[in-house]
Amino acid sequence: MSKSSNKKQALSRKAKIYNELQSLTRALCLKGFNSDKEIGFNAEYIGNKVGVSRNNTSKELNRLLREGKVLKIRGRPVLYLDKQLIEGYFAISIKNPTFSDFKDFMQTVNNCSDESDTNSKKDVYPVSSVKGSTGALDSLVGADGSLKAQVEQAKAAILYPPFGLHTLISGPTGVGKTTFAEAMYRFALETGRLPQDAPFIVFNCADYAENPQLILSHLFGHIKGAFTGAGRTKEGLVSHANGGILFLDEAHRLPPEGQEMLFLLMDKGIYRMMGEAANTRKARVLIIAATSEAPESVMLDTFLRRIPVLIKLPTLNERSLRERMNLICQFFQEESERVKVSIKVSKEVLKAFLLYDCPNNIGQLKSDIQLICAKAFLDYITYKDELMEIRLSQLSHQVREGLFKTEGKRKEIIQIFSLLETDSILFDGKNPGGAGGLFNRILVDDYKMAVDFYDLIEKSWKRYSKAGLSGKQIREKIDKNIKNYFQNFSVRLNSTSNVPANRLIISNIIDQSILQKVEDTLSELSADFDFLFNRKIVYSLALHIETLIERLKRGTVISHPDRKSIKKEHPEEYQLALKIMHSLENKLLIPIPEDEAAFLAMFLYAVRTGKDSGNIGVLVIAHGPAVASGMAHVANKLLGVDHAHAVDMPLELSVEDALEKTIEEIKRLNTGKGVLMLVDMGSLKAFGEIATEKTGIPTKVIEMVSTPMVIEATRKAIVPGMDLETLEEDVKNISPFIGQSVDSEELKIYSEGSGKRFFERMLIDTLGKTLTFLNPEKAFDTLKYTLERILEDIGEDLNDDMLVKFTFHCSCMIERVLVHEPLPYKNIELVEMHNRILFNILKKHFTLAGEVFGVTIPDTEIAYVAKIFDTHLDTQL
Ligand SMILES: Nc1ncnc2c1ncn2[C@@H]1O[C@H](COP(=O)(O)OP(=O)(O)OP(=O)(O)O)[C@@H](O)[C@H]1O
């Protein structure tokens, strides 16, 4: 054999070995590294795979090492890895490719992302050490979460000398591949790796997949006469992308000829226009390819051999709910900015978007949100509303289904939503700055008192003066409100909240210098007042001070209604407040009005003594063995609390005993804010008066009780800052059945169309406020029909009282069954036995009703319905 053919063989042997090592390393990268296991491939193993002896394989590997293509880990046996792939995987650049042992290798790759480590710095440069590396990539949602590794890889790919590394981004449709590639491009501009005028050219290979000639002509250009119709020479995208990035979407659709031409460009920086035989052209183009095919697929194998960096983006399901929430908020904010109208989105809608099945990932999430916003916009212009409101009823069936998919995610959902005290979020499109930190702002609600707090004072001032209260009365009322506010605020601060005291998040929303100055001030004073150490106090105070400064600038400072008495009642806190104020005045160089000391003193007092001031108790009293407790149970279950309590009054219970029980309950429930009682008969009103007389505990009695009212009472009673009078008012207002006067206009609206009575329209309206998932109109119609059939069977007439009870109870029941949380029932056999006929009638009719809603009503729930008939119709069949 001649020398030259020997060399030829050796060359192809080296290439074979190199290709094999690349495949093996790639497979390893796809599986992920595990530092516990030794990783790498020895010469014998690689040699066996390609049919070359161990000795010769070793020789070739050492050659490759000298060429800078492989990494060598000394030991027994010696292990090899492909250098570029490892660098891409760990987002690093390795200068010295030989390692003394496996530990040395792992240490080097791990340490390189840790700037503090200097040992390995000489060999590698960590991406994180590059100045100015914040920006496009770092601001992607998830950049510090589920995209962390990918962002590091992308930075490394862009920064790799001399011109960056070609990259393949993979992931199913809609995961954000294009967005990610654009962010890489912007990162290249930000870091100066590409000049500001560098091109970013996008080409979707799927667009012309059926016509290879057209693809090649688009990409590489053609010369005159290259094919029929090529009347003149035309440059391709590669030429336009010279000096920048060419983004090839759906790269797996590139025909084989195109792949070959692209590889030539990637390997050697040269290409030919179509129709050119000899002439080659030069272009320096960084390729970012994207594919929705699994990167392991055969189709991509050739591609992978050329592309050293493989970035796999996670699907929406693989991201945390927190990130998804962030995306949702971002999209609503974007829509609001687009149409320049505020968008109000309820908690329930957010929950549905958070949980529904979204197989096409972020892309689908975004377009579903755009779709719902478009619908809401239509309502907005049709009805000339003040803002766009997204209601649960507007959502598509698929999105609404999300509400049923809480399984296994409850904790995370609670964590996300416990921070949001209002029932909805307002996305303010007129304030474009709001988009980025929006979700962060939700996160810091726990610290936030300033904005709400001043607003509270301003709003109540307007409300009370409109109501004709004297100046003194207004001050007294506001003073009470402020006290309540601080009390509740301190409860939140002292609670074992899940909110991390995260300076990073806080620093996104508070001016850095204010935060720093508040931190300094409090740490100076904390030697004497150790409770000031609490991070949350620092943050909430910083937020408060920031708002105060804004108000000072605008000249809208609010005076404290009663500074003198605060000074007298809380002298220690007042003095401390003055110290804080003076220190801040010096640091911030602004004069702070002395009234502020009174607010601060109240805040400090509340935080210091803060204990759970508790909520207003809710007590349901009704005749019947389990009517009251049934309603309280439903309310608690639906709201996920244990706040509604009940006194059941079976017929055999004497009035004296019932009163005694009631007083005991009231004592037990009172936490200082009184108890709201909902009773089913006017005569029970006296119970409240007697209980207050005997115990001094304030009570209010509403002479009407229904499940929705109990739900409303419970829901509102646990709202911080609620007082007994307001609660009574609010609960009364939801009941359309309490002698309200309704003007004739309103009456007309309610009675229009549908052929329903006014009373029924009101009933549906109230149902609408209570139901989460069901369409109230449909629920009402179906249940009324069902009730009429049941009454026909048992020979009773329909009456409104029964209609109210039945529709409310049963619609709540259907919702419970929908979310797989039906009520249990003890001794169900007894109900079945005593009321077999009624039970069977109910079962028959509920089978039909259930079908309408796609559920099967279990016997335990039927037993409760039977009880309603028992108690209210006295039906003993
Ligand atoms: N991290 C992100 N932050 C904010 N928006 C994002 C993010 N990722 C994707 N999006 C948005 O989601 C939508 C879909 O993203 P993109 O088009 O980048 O996905 P893709 O994977 O390229 O989709 P396809 O495979 O369908 O081309 C875009 O409108 C984009 O604005």
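Just so you know, ligand 1 is whichever comes first in the structure, and atom 1 is the first atom listed for that ligand.
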Rounded distance (nearest 0.5 Å) linking atom CD of E401 with atom OH of Y356: 12.5 Å
Euclidean distance, L246 CG relative to M266 CE, rounded to 0.5 Å: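 Output value for this atom pair is 10.5 Å.
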State whether [X] and [Y] are salt-bridged, where the test is any N-O pair (Lys NZ or Arg NE/NH1/NH2 against Asp/Glu carboxylate O) under 4.0 Å.
X	Y	result
E335	R338	yes
D138	K148	no
R391	E348	no

Protein contact of [atom] - nearest heavy atom, named by residue and atom, plus distance:
atom	answer
atom 22 (O) of ligand 1	T178 OG1, 2.7 Å
atom 26 (O) of ligand 1	T173 OG1, 2.7 Å
atom 19 (O) of ligand 1	G176 N, 3.1 Å
atom 18 (O) of ligand 1	T179 OG1, 2.6 Å
atom 14 (C) of ligand 1	G363 CA, 3.5 Å

Check: R281 side chain, S239 main-chain N or O, donor-acceptor pair, under 3.5 Å: no
Proximity winner for atom 29 (O) of ligand 1, if only heavy atoms of E323, Q370, K366, E182 are counted: K366
Selection from D249, I169, I362 by shortest heavy-atom distance to atom 27 (O) of ligand 1: D249
From K344, E334, Q333, E337, residue fulfilling side chain to side chain contact (heavy atoms under 4.5 Å, CB included) relative to F427: Q333
Indicate, as side chain, backbone, both or neither, the part of [X] found under 4.0 angstrom from ligand 1 when only non-hydrogen atoms are considered.
X	value
K177	both
N361	neither
L327	side chain

contact_flag F331 ligand 1 heavy-atom lt 4.0 Å: yes
4.0 Å heavy-atom contact, G174 with ligand 1: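 Flag set, G174 near ligand 1.
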Nearest heavy-atom neighbours spanning M388 and V339: SD-CG2, 3.8 Å
Residue pair S146 / E318, side-chain donor-acceptor N/O under 3.5 Å: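 S146 vs E318: no donor-acceptor pair found between side chains.
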Per-atom contacts of ligand 1 with Q330, taking only distances under 4.0 Å to non-hydrogen atoms: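 Once the distances to Q330 are compared, the set is 4 (C).
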L140 N/O under 3.5 Å from ligand 1 N/O: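 No, since none of the N or O atoms of L140 sits under 3.5 Å from an N or O of ligand 1.
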